[in-house]
Amino acid sequence: ADYEYIKKYFAWHPTYAHVEGKPLIFVWNEDDCEVVDRWMEASNDEWFVVPKLFGGYKDCPVQPSDWHQYGPASPYAKFPGHSISISPGFWHAAEALPRLPRLSESQWCDNVRRMVESGVPWQLVTTFNEAGEGTGIESTAKHWPSQSGYGYYLDCLHFIP
């Protein structure tokens, strides 16, 4: 049902990401092979499925199209040959203190540069605008000003080739 909904409302559009001719879907999954099995079976080999990495992923009898690392409490999470995830900070709304304090402009831009230079297939920002986890970088000009007016988080993503 999830695939059909996404296909009906999003994946048909030419700007929707496709890999190897298949619509791309990233899965934030539980830490077990059974969930990966279900996503892959439901995909009917029509989707490029990239679930979240977990301990024991290599032992799953059914392997997805690829894997990605999800770690918003880490400023730079590298899964060699597959993905790099960078995070501007992590402060879950239900927690008294941040797990990862907000990165400075130089720390953030250094991580963006390292990620781009790595050449790994999946270069991910964890997360772009998830307010409940305090990871938002969208519309940050007020709190993280820059000359462009969009904020230094977006500037680094835009200006680092």
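Start at 1 with the first residue, then count along the sequence. All values below were derived from every heavy atom in this structure, side-chain atoms included, with hydrogens, water molecules and symmetry-related copies excluded.
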**Q** Donor-acceptor pairs are to be reported for all side-chain atoms of residues 45-53 against protein atoms at under 3.5 Å, with residues two or more places apart or in another chain.
**A**
residue, atom, partner, partner atom, Å
Asp45, OD1, Lys22, NZ, 2.9
Glu46, OE1, Lys7, NZ, 3.2
Glu46, OE2, Asn44, ND2, 3.4
Lys52, NZ, Asn29, O, 3.4
Lys52, NZ, Asp31, OD1, 2.7

**Q** Does a side-chain heavy-atom distance below 4.5 Å link Pro88 with Arg102?
**A** yes
**Q** Looking at residues at least two apart in the chain, or sitting in another chain, which of them share a ring-ring contact (aromatic ring centres under 6.0 Å, His included) with Phe90?
**A** none
**Q** Would you call Trp122 and Phe79 a side-chain contact if the rule is heavy atoms closer than 4.5 Å?
**A**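 Result no, sub-4.5 Å side-chain heavy-atom pair not found.
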**Q** Could you list all the disulfide (SG to SG under 2.5 Å) pairs where at least one residue sits in residues 63-119, not counting sequence neighbours?
**A**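 Residue pairs passing disulfide (SG to SG under 2.5 Å), neighbours aside: Cys109-Cys156.
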**Q** I need the full list of ring pair (Phe, Tyr, Trp, His ring centres under 6.0 Å) pairs touching residues 91-115, with sequence neighbours left out, sorted by first then second residue.
**A**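 Residue pairs passing ring pair (Phe, Tyr, Trp, His ring centres under 6.0 Å), neighbours aside: Trp108-Tyr153.
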**Q** Partners of Gln123 by side-chain contact (heavy atoms from CB on, under 4.5 Å), sequence neighbours excluded?
**A** Met115, Val116, Ser118, Val120
**Q** State which residues pass side chain to side chain donor-acceptor pair (under 3.5 Å) with Asn111; sequence neighbours excluded, sorted by chain then number.
**A** Arg114
**Q** Which pairs pass salt bridge (Lys or Arg N to Asp or Glu O under 4.0 Å) with one or both residues in residues 86-98, sequence neighbours excluded?
**A**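 Pairs touching residues 86-98 that pass the test: Glu95-Arg99.
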**Q** Between His18 and Tyr16, what is the ring plane arrangement, given parallel below 30°, perpendicular above 60°, and tilted in between?
**A**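 Perpendicular, since the angle between the ring planes exceeds 60°.
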**Q** How would you list all residue pairs meeting disulfide (SG to SG under 2.5 Å) that involve residues 10-100, not counting sequence neighbours?
**A** Cys33-Cys60
**Q** Applying a strict under-4.5 Å side-chain criterion to I, L, V, M, F, W and Y, I'd like to know whether Phe10 and Trp12 cluster together.
**A** no
**Q** Mind jotting down which residue pairs meet the salt bridge (Lys or Arg N to Asp or Glu O under 4.0 Å) criterion with at least one end in residues 58-72? Sequence neighbours excluded, please.
**A** none
**Q** Please list, chain by chain and in numerical order, all residues satisfying side-chain contact (heavy atoms from CB on, under 4.5 Å) with Ser74, sequence neighbours excluded.
**A** Ala77
**Q** Sequence neighbours excluded, which residues qualify as side chain to side chain donor-acceptor pair (under 3.5 Å) partners of Trp39?
**A** none
**Q** With sequence neighbours left out, write down each residue that passes side-chain contact (heavy atoms from CB on, under 4.5 Å) with Asp32, or none if nothing qualifies.
**A**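 Once residues adjacent in sequence are excluded, the partners of Asp32 under the side-chain contact (heavy atoms from CB on, under 4.5 Å) criterion are Glu30, Glu34, Val35.
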